[in-house]
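One-based numbering along the sequence shown. Atoms within a ligand are numbered from 1 in the order they appear, just like the ligands themselves. Values below: all heavy atoms of this structure, side chains included; hydrogens, waters and symmetry mates excluded.
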Amino acid sequence: CDAGFAQKCFNNQIIEELEKLLKIYTNEKDKGRCIAYRKAIGFIKSLTFPIRSSEDVKEMPTIGEKIKKKIVEIIQTGQLLKVQKLQGQDKNIAITQLTRVWGIGPTTAATFYFKGIKTLDDLKQNQHLLNKNQQVCLQLVEELEQRIPRDEATIIYEIVKRELDDLSGVPGLYKATACGSYRREKESCGDMDILITRCDGKIVEGFLMNLIQRLEGKLLTHHLTLPKKGEHDNESYMGIGRISNQGIHRRIDLKLYPKEQYGCAVLYFTGSDQYNRSMRLWAQKIGFSLSDHGLYPTQRGTHNKKMWKGEVIACEEEIDVYRILGLQYKPPKERSV
Ligand code: DCP
Ligand code: MG
Ligand code: MN
């Protein structure tokens, strides 16, 4: 589990091994197994004692017989033969290699594999099959897969805030929040997820694009996706940047939300994804739907199908979401499970 997280984790070895299987089933888009494994992993993470014998596993709810057997195998042998077998398959080895490149997902990786492209070197020989972004990210793959130390992440955040204030001319008119693992107070981050809103509620079209242009040369080095024109109340950017010419290239996401959606957006991008999943389920249970774009009252019919969706409930801050959902506020640091 996470260092620095209040709750101790007693079954790391079991969780790690099951997560390896989950990863493979995710690549294979095996939805049924993914759901079963995610549930089981979530349950085991919540345990406050170490699993030591098959007796401990027997009575566990929401875990099926097959996964129970796997857990016993991990306690007895420290690993899963199934993981060894699947990880060793030619196709899975290739997918693991190819998906190291940002912009190459498991599906694209599988089509490359069937063309005989199995390694990063193979990709370099076949650049013509890659789009511009994939080419850039292939070039920078070793840099982009290094985690960002917290101090450097803070510098990136400060650079964005400074340009934001300079651009708007009124300090404090715009607010920026560094979300993701950074906000969960991790020691290092995979990327930067920075959210922005305008505090007086006004919407200025093209604002994010102006910010991006100012950040060129100061931070940003490559653009992956620019905000779309006409996306006036919600603009989104993905790119790459570094804090100096000697620095390591980092993945940076910037997103602009209207202030009545900001609480939901910050909540969503703070994560973790597992935490979001449980929050969404709770919202559904009590008649709401929750996403990064807002909290809505809903009515659902059979198969949980949405029958009716009401007006968005303004949530400028995370605390508004917690209050409306009748939940106690949880500090970001405790949301990593
Ligand atoms: N998110 C989600 N579901 C996804 C992807 C993302 O709920 N499929 C949310 C939760 C994540 C947040 O967005 O915490 C940011 O996504 P990241 O992939 O950047 O994840 P983290 O910032 O949590 O971790 P990392 O340190 O790897 O960037
Ligand atoms: Mg992140
Ligand atoms: Mn991100």
Side-chain angles (χ1 to χ4, degrees), residues 1-5 16 19 22-23 25-27 29 31 34-35 37-38 41-42 45 99-107 133 137 140-141 143-157 160 176-196 208 212 219-220 222-227 234-241 248-257 261-284 289-295 318 321 330-337:
C1 277
D2 305 338
F5 186 58
E16 273 168 30
E19 276 176 345
L22 173 59
K23 175 101 196 285
Y25 290 138
T26 305
N27 285 349
K29 304 201 187 320
K31 280 199 182 138
C34 284
I35 291 170
Y37 275 87
R38 223 181 268 127
I41 291 166
K45 277 185 178 172
T99 54
R100 285 170 61 194
V101 179
W102 186 92
I104 300 184
T107 311
N133 286 347
C137 294
L140 298 174
V141 62
E143 291 184 44
L144 294 177
E145 64 189 7
Q146 290 179 49
R147 295 191 63 83
I148 312 170
R150 197 171 172 78
D151 289 348
E152 186 181 334
T154 303
I155 294 171
I156 293 172
Y157 181 33
V160 171
T177 313
C179 298
S181 46
Y182 182 82
R183 191 155 178 266
R184 299 201 312 277
E185 296 183 35
K186 294 296 187 127
E187 271 315 306
S188 67
C189 311
D191 65 353
M192 291 301 290
D193 306 287
I194 300 176
L195 265 51
I196 298 164
L208 189 59
I212 289 155
L219 177 68
L220 300 174
H222 304 78
H223 304 320
L224 298 170
T225 64
L226 291 169
N234 167 239
E235 302 182 342
S236 170
Y237 168 82
M238 288 192 234
I240 297 171
I248 298 172
H249 286 91
R250 309 299 194 180
R251 275 274 302 110
I252 297 169
D253 291 340
L254 303 173
K255 287 167 211 292
L256 181 72
Y257 280 86
Q261 294 178 13
Y262 201 61
C264 289
V266 168
L267 180 68
Y268 177 86
F269 283 101
T270 298
S272 66
D273 48 1
Q274 182 61 42
Y275 182 78
N276 288 349
R277 221 171 269 129
S278 58
M279 194 99 167
R280 258 196 319 268
L281 279 179
W282 170 254
Q284 279 184 24
S289 91
L290 176 65
S291 76
D292 60 321
H293 289 289
L295 182 64
E318 281 183 321
V321 185
K330 212 178 210 247
K333 198 177 178 174
E334 293 170 23
R335 298 183 204 162
S336 274
V337 178

Please list the nearest protein heavy atom to [atom] with its residue and the distance rounded to 0.1 Å.
atom                    : value
atom 12 (C) of ligand 1 : Phe269 O, 3.4 Å
atom 28 (O) of ligand 1 : Asp191 OD1, 2.8 Å
atom 6 (C) of ligand 1  : Tyr268 OH, 4.1 Å
atom 11 (C) of ligand 1 : Gly271 CA, 4.0 Å
atom 24 (O) of ligand 1 : Ser181 OG, 3.7 Å

Proximal ligand 1 atoms for [X], defined as those under 4.0 Å from one of its heavy atoms:
X      : value
Gly180 : 22 (O)
Asn276 : 2 (C), 7 (O), 9 (C), 10 (C)
Thr270 : 14 (O)
Arg184 : 14 (O), 23 (O)

Between Gly271 and Arg335, what is the shortest heavy-atom contact and its length?
O-CB, 3.4 Å
Hey, what do you get for [atom1] ([X]) to [atom2] ([Y]), rounding to the nearest 0.5 Å?
X      : Y      : atom1 : atom2 : result
Glu185 : Glu187 : CD    : CD    : 9.5 Å
Tyr268 : Met279 : OH    : CE    : 13.5 Å
Ser188 : Arg150 : OG    : CZ    : 10.0 Å
Ile212 : Ile252 : CD1   : CD1   : 11.0 Å
Leu256 : Gln261 : CG    : CD    : 10.0 Å

Can you tell me which N/O/S atom of Asp191 has the shortest distance to the Mg ion (ligand 2)?
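Checking each N, O and S atom of Asp191, the shortest distance to the Mg ion (ligand 2) belongs to OD1.
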Proximal heteroatom of Asp193 relative to the Mg ion (ligand 2) (N/O/S):
OD2
Results of side-chain contact (heavy atoms from CB on, under 4.5 Å) for Asn133 - residues two or more places apart only
Trp102, Asn131, Leu224
Aromatic plane relationship, Tyr37 with Tyr25 - under 30° parallel, 30 to 60° tilted, over 60° perpendicular
tilted
Which of parallel (below 30°), tilted (30 to 60°) and perpendicular (above 60°) describes His293 and Tyr257?
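If you compare the ring of His293 with that of Tyr257, the planes turn out tilted.
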Side chain, backbone, both or neither: which part of Asp273 has a heavy atom under 4.0 Å from ligand 1?
both
Under 4.0 Å, heavy-atom basis, I'd like to know which part of Asp193 is in contact with ligand 1: side chain, backbone, both or neither.
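It is the side chain that gets close, since no backbone atom is under 4.0 Å.
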Is it true that a side-chain atom of [X] and a backbone atom of [Y] form a donor plus acceptor pair closer than 3.5 Å?
X      : Y      : result
Tyr157 : Ala176 : yes
Arg251 : Gly239 : yes
Arg250 : Asp191 : no

Quick one: does [X] get within less than 4.0 Å of ligand 1, heavy atoms only?
X      : answer
Arg147 : yes
Asp253 : no
Met192 : no

Is it the case that ligand 1 has an N or O less than 3.5 angstrom from some N or O of Cys189?
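So ligand 1 has no N or O lying under 3.5 Å from an N or O of Cys189.
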Kindly give the atom name of the N, O or S atom of Asp193 closest to the Mn ion (ligand 3).
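Restricting Asp193 to its N, O and S atoms, the minimum distance to the Mn ion (ligand 3) goes to OD1.
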Hey, which N, O or S atom on Asp191 ends up closest to the Mn ion (ligand 3)?
OD2
4.0 Å protein heavy-atom contact status of atom 26 (O) of ligand 1, strictly under:
yes
Going by a strict under-4.0 Å cutoff (protein heavy atoms only), does atom 8 (N) of ligand 1 have a neighbour on the protein?
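Protein heavy atoms within 4.0 Å of atom 8 (N) of ligand 1 - there are none.
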Looking at Asp253, Leu220, Thr225, which hits side-chain contact (heavy atoms from CB on, under 4.5 Å) with Tyr237?
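Looking at Asp253, Leu220, Thr225, the match for Tyr237 under the side-chain contact (heavy atoms from CB on, under 4.5 Å) is Leu220.
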